2 protein chains.
Amino acid sequence: MGMTGITIQEASRTSGLSAHTLRYYERIGLVPEVGRDAAGHRSYTGADLAWLEFLTKLRRTGMPIADMCRYAELVRRGPETAAERRRILQAHRERVLERIAQLNGDLAVLDRKIDMYYGMESS
Amino acid sequence: MGMTGITIQEASRTSGLSAHTLRYYERIGLVPEVGRDAAGHRSYTGADLAWLEFLTKLRRTGMPIADMCRYAELVRRGPETAAERRRILQAHRERVLERIAQLNGDLAVLDRKIDMYYGMESS
DNA sequence: GCTTGACTTGGAGTGCACTCGAAGGTGCAC
DNA sequence: GTGCACCTTCGAGTGCACTCCAAGTCAAGC
């Protein structure tokens with residue numbers, strides 16, 4: 001098993017999260033304890049990075065940290081929590097859809113305003 | 001000119017912003033000074049409400065308060081700032097488009113994950 | 001004329017999600 | 001063997017956008 005793993009700096013570059021944030025996420029239980037190398041330094045595996053990538057998607061779509069912690073906790077508890085996890089993601093999915101619809105509506109208003117300014121400039 | 005105006009509570013219900021937030025927005029110069037009735041209470045006009053509605057769209061689409069203040073300042077300075085306002089809105093529009101694209105991408109991942117959970121449950 | 005309730009102000013407090021600082025350990029380059 | 005870069009922990013600090021509080025004013029109803 002040559003799963004060497006990468007340093008926190010490399011994980012930071014790969015994930016787009018700062019090293020500070022990576023430690024913070026681990027501290028609050030959002031990320032399971034990351035393995036260590038001989039020097040006691042964190043060593044991120046591919047699985048760690050995949051989990052971080054999924055977390056950033058949840059985060060970016062507006063899921064609060066507290067909800068993400070709850071989801072992470074269910075993952076730790078094992079496969080019998082799959083149905084609940086699905087429900088959480090589905091509820092979140094609905095919120096994201098609403099958000100996208102709202103953004104599209106607001107974008108239309110923005111476009112009309114921009115057009116109006118063009119009209120003012122060319123008059 | 002029978003522009004009576006509505007109370008801060010009614011403006012709160014109409015705009016979806018709390019009375020606290022309405023006063024806060026006025027304090028930081030995001031909303032021009034609202035008129036007062038005989039008792040010194042704020043009296044919101046239709047124009048005030050329209051401005052608030054536009055502000056909430058900027059806010060909801062992720063524009064920081066500081067940028068909104070800058071935009072509001074340009075509006076106060078008059079029509080000669082129209083071109084700059086347009087540029088601000090256009091730059092913002094680009095960010096909103098990116099945000100929507102990102103949300104759609106993240107939504108697709110969410111959907112695949114949900115499908116995966118369905119697969120786990122039915123197996 | 002007194003209670004009630006909505007309003008006023010200025011300033012302080014809150015919640016979220018980081019973000020940073022201090023003090024110290026480790027291993028490689030010179 | 002010592003400087004250096006990078007890591008560690010713990011706790012404190014930051015920035016944003018509100019959100020609330022205390023103390024006071026005012027008009028209307030009983």
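Not measured: the values here are computed from a predicted model. Every chain is numbered from 1 and lettered A, B, ... according to where its sequence line falls, protein lines coming before strand lines.
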Under 4.0 Å between a side-chain N or O of B:Tyr25 and OP1 or OP2 of D:dC18? yes
*C:dC7 phosphate, OP1 or OP2: any side-chain N/O from B:Thr7 under 4.0 angstrom?*
yes
Checklist entry - Looking only at side-chain N and O atoms, does A:Arg42 come under 4.0 Å of OP1 or OP2 in D:dT8? => result yes
Taking only the side-chain nitrogens and oxygens of A:Gln9, find out if one of them lies under 4.0 Å from OP1 or OP2 of D:dC6.
no
So, OP1 or OP2 of D:dC7: does either fall under 4.0 Å of a side-chain N or O from A:Arg36?
no
At 4.0 Å (heavy atoms only), tell me whether A:Arg27 reaches a base, stays on the sugar-phosphate, or touches nothing.
base
Name the nucleic acid region contacted by A:Ser18, choosing base, sugar-phosphate or nothing; use a 4.0 angstrom heavy-atom cut-off, strictly under.
-> nothing
When rounded to whole Å, the OH to C1' distance for the pair B:Tyr24 and D:dC18 reads 6 Å
Q.
The test is salt bridge (Lys or Arg N to Asp or Glu O under 4.0 Å); show your working for A:Glu10 and A:Arg13 and say whether it passes.
A. CA-CA 5 Å; A:Glu10 290 163 334; A:Arg13 272 188 290 279; 5.0 Å; no
Apply the test side chain to side chain contact (heavy atoms under 4.5 Å, CB included) to residues A:Thr61 and B:Leu107: give CA-CA distance (whole Å), side-chain angles for both, the deciding distance (0.1 Å), then the verdict. CA-CA 8 Å; A:Thr61 49; B:Leu107 187 68; over 6 Å; no
Rounding to 0.5 Å, atoms CD (A:Glu26) and CD (A:Glu33) come to a distance of 6.0 Å
Assert: residue with more 5' nearest nucleotide on DNA chain D, out of B:Ala66 and B:His41, is B:Ala66
- Task: Would you please say whether a donor-acceptor pair under 3.5 Å links the side chains of B:Gln90 and B:Arg86?
- Result: yes
| task | Assign A:Arg23 to base, sugar-phosphate, or nothing according to its heavy-atom contacts below 4.0 angstrom with the strands shown. | result | base
By nearest-nucleotide position on DNA chain C, the 5'-leaning member of A:Pro64 and B:Ile8 is B:Ile8
- Heavy-atom check, side chain of B:Ile114 versus side chain of B:Tyr118, under 4.5 Å: yes
When rounded to whole Å, the CG to C1' distance for the pair B:Leu58 and D:dA17 reads 15 Å
Which of D:dA17, D:dC26, C:dG27 is nearest the side chain of A:Ala39? It is C:dG27
Of the listed C:dT26, D:dT19, C:dC18, the closest approach to the B:His20 side chain comes from D:dT19
